[in-house]
Amino acid sequence: MNRIEKAFSKGKAFIPFITAGDPSIEVTEQLIIEMAKAGADIIEIGIPFSDPSAEGPVIQAADVRALSAGTTTDQILEMVKRIRKVCDVPLVFMTYINPVFSYGTDRFLKTCKEIGVDGIIVPDVPYEERDEIKPFCEKYGIACIPLIAPTSKDRIDLIAKEAEGFVYCVSSFGVTGVREDLGHDFIDMIKRVKLVKDIPCAIGFGISNPDQAKTLSEVSDGVIVGSAIVKIIEEYGKDCIGPVVEYVKSMIAAIR
Amino acid sequence: MSKGRFGIHGGQYIPEVLMNAIHELEEAYNHYKNDKEFIEELNFLYENYAGRPSSLYYAENMTKDLKGPKIYLKREDLNHTGSHKINNVLGQVLLAKKMGKTRVIAETGAGQHGVATATAAALLGLECEVFMGKEDTKRQALNVYRMKLLGSKVHEVTSGTQTLKDAVNETFKEWTSRIDDTHYVIGSVVGPYPFPEMVRDFQSVIGKELKDQMLLAEGRLPDAILACVGGGSNAMGVFYDFIDNPEVRLIGCEAAGHGVDTELNAATMTNGKLGIFHGMKSYFCQDEYGQIAPVYSISAGLDYPGIGPEHSYLKDIERAEYVPVTDEEAVEAFEYLARTEGIIPAIESSHAVAHALKLAPTMGKDKIMVINISGRGDKDVAAIARYKGEDIYE
């Protein structure tokens, strides 16, 4: 059983997202270690991009902060290498294709393998363009985690069949960000995935409070929370570790 | 390899949430582009609303002054709304209407595409919202008001560099959040398939007309065609029908801003490298980690860090040439054409005029050169005055 499978085998998974380098690589490193200690099951690490087209204003601002602080792909890979020496939590990169392509897709995924990254999510590579990244993921044993949306409909069958790690279910239209009403489409989306493949489904985009997390975890295998955490980081800056850990604990308590 | 490729370029690199909408558009476009009624309706609008065909004008004064080839100007500046943008927009908005969409959204740089989209939406009865970088709303305040006058809503984009690239980002996001009733009218030969092909097809009316007009006027094809390139739609439109005529040099003129060796330029073909952004694989100005560069040009319409995938392909196969032109050269050409021919070209088109000024003296008198004047320069007058140190009211 690989690290991601193990994470889902323990019950509902809580998956926090943070942007690497916001506010600094050092703080990101501490945040990952501390969130893992607090019980986060998988951690999504955003590699900042200048033009994050699937992000709402909160995460876009985090990308700007990280890049303004001089964060680079190399620094992030080095950071993961250090984290892996002290922490076994599954780590998944979330980024856009251009930073990966520019690094050299083969070289990037080879490095991911060497430093112990478990999966990658690239929102601007849809099923049709999977050859851009999937063969390299397979070569190095990195899970290529796909997204499905309420608009995916029949495409869910195609996507689920080839999915690895877990399926990232976008709970509502639009970009990332905190929302009150998350809609109900994902119940049918997840049912459809499960008909095709027995693979964990985690819901993301828009989840912020313990009540939402509880409701959504009941119909899925886990919840992904990004913007709500990034907001805390924005508010507290380098002093964010305590408040983030407290928040993560409250969310985990709600879904278990 | 996926659909919509030009060599290695192109493709459909967009979030899953948009994929079904893109497939729907693909299907609709492939159907209507061969639909007799659609073609007739579009041609009717081209002739009776946009004022096509645009004239091919022999620039005699310029020809005499430069002592080189015979110079012709393809006058896209005479189209309704003042640029080539109307060709694409009428096609796309008509298509959106056929698809049952009730709302269109668009990005705009200089405001020309925004104005054209707002115009077509007003004509065909669709709701319209335009996204424009805040920096550009300042540079092109008149066009902002023009869009409002036409009944459109204009959103100021305050993210990133607050220019064209960010306007594209925000329009894609808007589309993501409201797909069912909305079509995204992309303004250039960029984005995911089918956009680069569809926009090129709608713009190819320029080259088709040019070919007929040139054969009528000279009985032969021109030796060189020059056009400015940002995303590259007017250039693709005028080049397309000549790709299979290798004796015709195709020259794209890109924005070098303060110079290709400075940090302030938008010279994608000179400085860019292969990347994947805005739904396509193509050349982009970017740093060593693939972060898209904050480009600059005096011209809001060329201030874009990428270029259409078909241009990248034409560069790869060496069918077209791409040359950088600085702000200073473009402004000089802007003034030159005004004084010499009584035509004020858009600052975008002035980049092509500027290269013509360099190239013409090297060509023989028996040669023929065509410059695509993609738009008129009224919108740029105040900015050029400021550039020259004169502060005037718009």
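Since this is a predicted model, take the numbers as computed values, not measurements. Per chain, numbering begins at 1; letters A, B, ... match sequence-line order.
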Any ion pair linking [Y] and [X] (charged N to carboxylate O, less than 4.0 Å)?
{"X": "Glu164(A)", "Y": "Lys134(A)", "answer": "yes"}
{"X": "Glu129(A)", "Y": "Arg5(B)", "answer": "yes"}
{"X": "Glu162(A)", "Y": "Arg130(A)", "answer": "yes"}
{"X": "Glu26(B)", "Y": "Lys3(B)", "answer": "yes"}
{"X": "Asp118(A)", "Y": "Arg84(A)", "answer": "yes"}
{"X": "Glu197(B)", "Y": "Lys33(B)", "answer": "yes"}

Chain B heavy atoms under 4.5 Å from [X]: which part of the residue, side chain, backbone, both or neither?
{"X": "Phe49(A)", "answer": "both"}
{"X": "Ile47(A)", "answer": "neither"}
{"X": "Asp63(A)", "answer": "neither"}
{"X": "Pro52(A)", "answer": "backbone"}
{"X": "Pro123(A)", "answer": "backbone"}

What part of [X] lies closer than 4.5 angstrom to a heavy atom of chain A: side chain, backbone, both or neither?
{"X": "Glu288(B)", "value": "backbone"}
{"X": "Phe172(B)", "value": "neither"}
{"X": "His278(B)", "value": "neither"}

Checklist entry - Most heavy-atom pairs under 4.5 angstrom with chain B, which of Thr72(A), Val125(A), Val122(A)? => result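 Top count of heavy-atom pairs under 4.5 Å with chain B: Thr72(A).
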Checklist entry - In terms of heavy-atom pairs under 4.5 Å with chain B, which of Gln60(A), Lys153(A), Glu132(A) leads? => result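 It is Glu132(A).
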Next on the checklist: Taking every non-hydrogen pair under 4.5 Å, which of Pro294(B), Gly279(B), Ala293(B), Gly275(B) racks up the most with chain A?
Outcome noted: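 Result: the option with the highest number of such pairs is Gly275(B).
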Checklist entry - Around atom NZ of Lys98(B), are there more than 12 heavy atoms of other residues, nucleotides or ligands at under 6.0 Å? => result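 Yes, the 6.0 Å shell around NZ holds more than 12 heavy atoms from other groups.
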Checklist entry - Has Lys273(B) got its NZ or CZ under 6.0 Å from the middle of the six-membered ring of Phe284(B), at an angle within 45 degrees of the ring axis? => result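 Here Lys273(B) fails the 6.0 Å and 45° test against Phe284(B).
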